Structures are given as C-alpha cells and as structure tokens.
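A quick write-up on the structure given underneath.
Throughout, a chain's letter reflects where its sequence line sits, starting with A, and its residues are numbered from 1. Note that this is a predicted model, so its numbers are computed, not measured.
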There are 2 protein chains.
Amino acid sequence: MSAETREKLLQGALRTLTEQGIAKTSARSVAAAAGVNQALVFYHFGSVDDLLSEACRYGTEQRVARHRDALAAISTLGELLEFGRRMHEEERAAGSVAVLGQLLAGAQTQPRLAEATAAGLSLWVAEVEKVLVRVLGASPLGGFVDAVGLARAVASSFVGLELYEGVDPQGAERALDALEGLGELVAVVEGLGVVGQRAVRHRLRTVRRL
Amino acid sequence: MSAETREKLLQGALRTLTEQGIAKTSARSVAAAAGVNQALVFYHFGSVDDLLSEACRYGTEQRVARHRDALAAISTLGELLEFGRRMHEEERAAGSVAVLGQLLAGAQTQPRLAEATAAGLSLWVAEVEKVLVRVLGASPLGGFVDAVGLARAVASSFVGLELYEGVDPQGAERALDALEGLGELVAVVEGLGVVGQRAVRHRLRTVRRL
DNA sequence: GTCTATACATGGATAGAC
DNA sequence: GTCTATCCATGTATAGAC
C-alpha cells in the first residue's frame, strides 16, 4: 500500500534523525528504520532531502496539535511557565525537539531543508505567540515586551537547550531552572500593583530614550 | 612542517563545518579546504571525529580569548546587554557559533564529539558566568537569579538563535530585539530603589513557597 | 507499488613510495 | 611528514523484474 509505506518512511526518517543525527541520516538508514526497501525513498519522495522536508512538516504538525487545546486554556504567565516546562519535558521525550535541532543544523547549508524547517518551527512559534499575546496583552508589561519576537526567541532557545542537554545534562537542567526563576521574576513584576508598575514603566521609558 | 599542516587542518575543519555543515564535513572536504592531502587527517589526528574535537577546542579558545578583557571590564547589566549583542554579531560573522551548532548536532550521537563540544561550550559559559556573578552579585536581584544556570541558558540559547537565523533571518532579528527588551526590563527592576526591590523580594518569596 | 540489481560517487582508512 | 594508490563501506539514484 502506498500511503502506509509513505507513513513508515516519514516515521522512519524522524526516528533516524533523533537516533543517528542528520550526518548519518540516509536513504538506507531511514529505509532500514522504516522496514522497507531503500529505493522506495526515491519513488515516494524523489530525494532524501524531500523526504526529510515532508517528515519535518508531518512530525511537527502532530506534536503541535497535541498541545493546542492546553495552550488555548492558558491565561496567566504563571500557568504558562508551568505548562512550558511540562511540555518541554514531554517533547524532549518524544524527540521532536531533537528532530528540529538536527534539521536546523542541516538546513544551514540546504535551502530546501531550510524552507521546511522554518515552516515546522513556525508552527510552534505560532502557538507560543498566540498564548504570549493573550497573556502579555492582559498584563501591564504588554506594552514593553514584544510577544512576536519573544515567541521566536523561546522556540529557538528551546532547540539550543535541547542540543546542549545532549552534551551536558546537568548544565541544561540548571539552565532551565534559572530561566524558570527569571520567568517568575517577570511574573512578580507583573503582579506588583499600580505603584510599582508605574515606577517600572517610568524607568523603562527613561532607559529606552538613552 | 608538521605544526603548520596541523593548523591548516584545524582551520579547514572549522571552515568546512560553517560552510558545509556537519553532514558534509569529511576527511576529504576538510583536507580540500585546508589545501593538504586527505591522508594527513588520519596521520595527524587519527580520525575525522578526533580532528573535529580538537578543532572545537582550538577554535573556541581563540574566539573566547578575543573577548576576555572586554568581559572583565563589564560591571553593570546595561553594559552587559549592550556588549552581548555586539559580541553576538561579531561571533556570528566569524562563524564560531555556527561551528558550535553543527558540532552540537553531531555530538548528540557521538560521545567523543559530545565531550569536546561540552568542553568548548564550557569555555564560553565560564566567561559569561564570571560576568553574571559579578553583575548580579552587586545587584539586589543576585539572590533570586542563578548566575551559573543563567550563563548556561544564555550560551545554549545563542546557539539556538544562530541556527534559527539560518532559516529565518527576520524572525531571529526580532527574537533578539525582544530578548534585549526583556533584559532591559530586568535592568530596570534592578534600579527600582529600595521600596520597589523590597516589594519584588517579598512577592518572589511568596511565589516560591507555592 | 515494491523489490532486486546495478551504476556511480563519496567517504574512512591503510600501505608503501618518496 | 607528505603523497599516491588502493580497498572497502556507505550513499544516491535509476532500470527493470515481479
């Protein structure tokens, strides 16, 4: 069956990317992981890069869809921070961030992969952005923090942290804790009350003018 | 000359990693970039991975040394933010972050590379950490932000941002701007004055107890 | 649609001449 | 120390049998 084999290859590609890395992801290794013949990669996708591009879209859509409802229910920065860490742990286990890391590395020198990887990342970014716009929009900080940019920073930083975790797990753990602390700090400023907020705003304006 | 060829190979490895990526970095491609014979990779370094490991140490040490004095002169968060962006731009141009990104991707599945990459990253982390300890230690925030963890988060996030930049330059630009804004926010809280700081501290303690 | 066979290129690694 | 030659494994891609 055509559709079944296609799917096997897509999942095989994702598995190979996480388990062997972009450098050892080939038509042969993917086909082996998928349990199908190597020639089918070219029959169904034309080239290895095209397969990886489709696998990126396929995999990312599945993972993002998993969290869409939960993300839509978040309304405060505190909730967002807690959910973010849980989601990160879940995606790390599923290998979806690892896939993006490997594809991003490969995409630096291959325009075709770059396009697909950007599209995949943008699925995550769009979700994070929606939540941030909502959470920050309802907050006094909204005017000073760019949710659009922050969503992109968060998504790419998570990929960086995931890659770092692969070479220094304890360091990465500590990094995540520190970021959580920083997030709490922002959440706290958000809850300072009118007087404190006015002071923060005034100083921010002063600083920005320099 | 032995030493000269070794150096050519090390620089060739760095160039190949940035220009072709980890997936296309081979003894042959590196040797071509270095302008020497392919067999010399194995004579001087034993294997391609060993060459890449040494290149990581070699390259990172050089780049970090470049900024050591400037980093030592930084004493405020504002200075640190400004310097950070300038340094990021310089390192991006030099390709040193790209090298770390490619090596991190390869390191996920190769213990030998992982060790070397962790060591290379730790050179950056150590410098960032020293500055953060100094800057945050002199600030009322010192007790609430973990400089050690934050240094690791900063270093790995920069790698993630660099990889993201390769597939979406505008998005990465906006992400960096947003992070800068967030940094300013923290700097502002730092300068709030005694009353504001006391309020922040009190609320932080309350939040952490939950 | 899938498999076998095959071509041709690239890559890791070594032996031996210089 | 460096180069040439070479071996063998792996990878991309296609043709043709089933």
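Among A/Glu127, A/Arg86, A/Glu91, the one residue that satisfies the side-chain hydrogen bond (donor to acceptor under 3.5 Å, both in side chains) test with A/His67 is A/Glu91. Each of A/Asp49, A/Thr117, A/Asp50 was checked for a side-chain hydrogen bond (donor to acceptor under 3.5 Å, both in side chains) with A/Arg112, and the lone residue meeting it is A/Asp50.
In the set D/dT2, D/dT6, D/dG11, the nucleotide with an atom closest to the side chain of B/Thr5 is D/dT2.
A salt bridge links A/Arg85 and A/Asp177; the closest N-O separation between the charged side-chain nitrogens and carboxylate oxygens is under 4.0 Å.
Side-chain contact between A/Thr5 and A/His44 is present, with heavy atoms from C-beta onward closer than 4.5 Å.
The phosphate of D/dT10 has neither OP1 nor OP2 within less than 4.0 Å of any side-chain N or O from A/Ser26.
Separating the NZ atom of A/Lys8 from the C1' atom of C/dT2 is a distance of 11 Å, rounded to the nearest angstrom. Taking atom NZ on A/Lys24 and atom P on D/dT12, their separation rounds to 14 Å, with Å as the unit. One atom, CG of B/Asp50, and another, C1' of C/dG12, lie 13 Å apart when rounded to the nearest Å.
Proximity of a side-chain donor or acceptor of B/Gln102 to a complementary backbone N or O of B/Ile22 within less than 3.5 Å is detected.
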- Apply side-chain contact (heavy atoms from CB on, under 4.5 Å) to the pair A/Arg66 and A/Met87, showing each step before the final yes or no. CA-CA 10 Å; A/Arg66 246 184 121 77; A/Met87 187 176 76; over 6 Å; no

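In terms of position on DNA chain C, the residue among A/Glu4 and B/Arg28 whose nearest nucleotide sits closer to the 5' end is A/Glu4.
A heavy-atom distance below 4.0 Å to DNA chain D is reached by these residues of residues 35-48 of chain A, ordered by number: A/Gln38, A/Ala39, A/Phe42, A/Ser47, A/Val48.
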